[in-house]
Amino acid sequence: MIRVQAEDFDVGRELEKLSDGNHGVGGVCSFVGLVRDIAGDKTIKAMTLEHYPEMTEPALAKIEAEAHDRWPLEETLIIHRYGRLEPGDRIVLVAAASAHREAAFEACHFLIDWLKTQAPFWKLEETPDGGQWVDARSSDGRAAERWLADKPQDKPQDKPQDKPKGKPGAAE
Amino acid sequence: MIRVQAEDFDVGRELEKLSDGNHGVGGVCSFVGLVRDIAGDKTIKAMTLEHYPEMTEPALAKIEAEAHDRWPLEETLIIHRYGRLEPGDRIVLVAAASAHREAAFEACHFLIDWLKTQAPFWKLEETPDGGQWVDARSSDGRAAERWLADKPQDKPQDKPQDKPKGKPGAAE
Amino acid sequence: MKILYFAWLREKAGIAEEDVSPPETVTTVAELVEWMKSRGGGFAEAFADEGMVRVAVNQEHVRTDHPVAAGDEIAFFPPITGG
Amino acid sequence: MKILYFAWLREKAGIAEEDVSPPETVTTVAELVEWMKSRGGGFAEAFADEGMVRVAVNQEHVRTDHPVAAGDEIAFFPPITGG
């Protein structure tokens with residue numbers, strides 16, 4: 001499930017939908033990203049998230065499909081906000097529901113890492129020195145790249161029953 | 001924050017508390033464990049969670065303190081239910097709030113892995129063949145053990161600024 | 001000393017909690033377990049597969065060489081299956 | 001072709017969106033960027049540091065050797081900072 005919106009979201013209600021009526025779900029891992037009031041050594045009064053609407057939803061759909069190819073997931077969710085947000089405001093929610101907790105954790109981690117490098121959003125921070133566009137962090141690039149090493153050579157026809165090789169974590 | 005209770009909990013409200021009024025939190029990673037209706041090849045009608053009340057809270061407090069020793073966290077949460085639960089019911093919620101998403105993910109993962117081997121809970125499943133105590137899974141033991149390899153030799157006086165070595169993930 | 005049993009150990013022992021006074025020769029968890037087994041019946045059954053028995057002394061997980069003494073709270077239970 | 005600019009590329013170019021008709025010799029993203037720079041002013045400034053410019057053709061991330069043609073929607077933007 002994908003949503004791109006200016007409005008806030010209700011985390012509890014959104015997570016509940018991932019397992020609602022599906023008693024095969026054993027675990028739901030989620031990550032909520034929030035606006036901090038500090039970036040480096042600067043105070044942030046607010047930030048404005050710009051995006052490329054025609055591209056955003058297809059990009060998120062691709063990231064979500066990739067997660068389902070890699071792990072046995074029951075459901076996934078990506079909600080990303082745009083517009084002006086203040087410290088403490090929610091920016092993004094990603095979540096993965098699976099029968100198994102390792103798959104839920106890894107898929108959720110993958111979703112946020114890939115979203116940070118693949119989804120067309122840009123942040124403008126309001127600092128005491130005026131508006132500043134946030135620089136992409138090389139650490140985000142590395143975080144996304146580590147999933148490339150795990151990419152299956154041949155995509156299975158069905159959901160893979162084995163967890164991806166080379167990732168940490170024990171089988172459930 | 002630790003709670004052991006028979007009642008259900010409101011995931012959205014609980015997660016909100018982790019960052020409420022703290023604009024240094026950049027991300028909250030959480031995991032919700034749910035009762036599945038299948039275990040192996042057996043249908044589960046319900047399960048009853050027994051625990052050792054005098055030991056449970058100290059054990060959870062120790063797990064939480066260990067997470068704070070290992071990662072720079074703003075707040076953590078463990079809620080574990082006991083009593084009779086049916087498929088789809090929430091069993092456990094663990095969450096970690098940090099300035100940095102890698103710390104939030106790793107600490108949350110650590111909390112659930114350690115809880116599964118260190119917190120004194122036992123599950124009795126109601127199957128068509130009658131009540132069956134759930135066997136501990138060797139995979140849970142391995143999942144917990146992998147954190148031992150990362151254990152810092154000397155615990156830092158302050159919250160560590162470096163992420164633990166040997167774990168996956170790029171610096172934030 | 002106070003003994004607690006959980007999960008299937010409780011069911012096999014047929015009791016959740018009891019106060020016992022083992023002989024003075026019982027000074028470690030391992031010796032306590034041997035004495036428990038010698039009581040026969042449900043206790044012998046509960047401790048038949050010692051590899052499946054975990055123990056906490058005064059609410060702390062310990063190994064079988066851990067000392068036990070009068071006044072201790074000793075809990076026996078199977079491997080944990082929470083979460 | 002339709003050109004879109006985002007974030008600081010939009011600010012430097014001084015425009016969010018425009019329709020352009022580059023000469024027929026412009027067949028790839030790299031050639032389009034060269035032509036953009038030749039227009040001078042804000043465009044030259046926006047594309048001054050090409051290492052900081054990402055491009056999507058018809059909503060797909062592409063490299064600079066990707067072909068461009070009339071009717072394409074081409075977006076220029078800095079590295080992504082969402083999430």
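Throughout, a chain's letter reflects where its sequence line sits, starting with A, and its residues are numbered from 1.
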Could you have a look at B:Arg81, B:His51, B:Lys62, B:Gln118 and say which one has the most heavy-atom pairs with chain C under 4.5 angstrom?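 Answer, by heavy-atom pair count under 4.5 Å with chain C: B:Gln118.
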Can you tell which of B:Val92, B:Leu115, B:Val134 has the highest number of heavy-atom pairs within less than 4.5 Å of chain C?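 Answer, by heavy-atom pair count under 4.5 Å with chain C: B:Val134.
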Would you name the heavy atoms of [X] and [Y] that are closest together and state the gap between them?
X: B:Tyr52; Y: C:Ala56; value: CE2-CB, 4.4 Å
X: C:Tyr5; Y: B:Glu50; value: O-OE2, 4.5 Å
X: B:Asp135; Y: C:Thr81; value: C-CG2, 3.8 Å

I'd like to know whether C:Ile80 forms a side chain to side chain contact (heavy atoms under 4.5 Å, CB included) with B:Trp122, so could you lay out the CA-CA distance, the side-chain angles of the two residues, the decisive distance to 0.1 Å, and finally the verdict. CA-CA 6 Å; C:Ile80 278 161; B:Trp122 302 274; 4.2 Å; yes
Nearest 0.5 angstrom please: C:His61 NE2 to B:Thr117 OG1, how far? 8.0 Å
d(B:Trp133 CH2, C:Phe6 CZ) to nearest 0.5 Å is 10.5 Å
Take atom CZ of B:Arg84 as the centre, draw a 6.0 Å sphere, and report whether it contains more than 12 heavy atoms from other residues, nucleotides or ligands.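 Above 12, so yes.
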Greater than 12 external heavy atoms within 6.0 Å of B:Arg13's CZ: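 Open: at most 12 neighbouring heavy atoms sit under 6.0 Å from CZ of B:Arg13.
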Proximity breakdown for C:Arg54 and chain B, heavy-atom pairs closer than 4.5 Å: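 Neither the backbone nor the side chain of C:Arg54 comes within 4.5 Å of chain B.
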Examine whether an atom of B:Ile91 lies under 4.5 Å from a heavy atom of chain C, and if so say whether it belongs to the side chain, the backbone or both; otherwise answer neither. side chain
Quick one: does C:Glu73's side chain get under 4.5 Å of B:Met55's, heavy atoms only?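 The answer is no, as the side chains (C-beta and beyond) never meet within the 4.5 Å cut-off.
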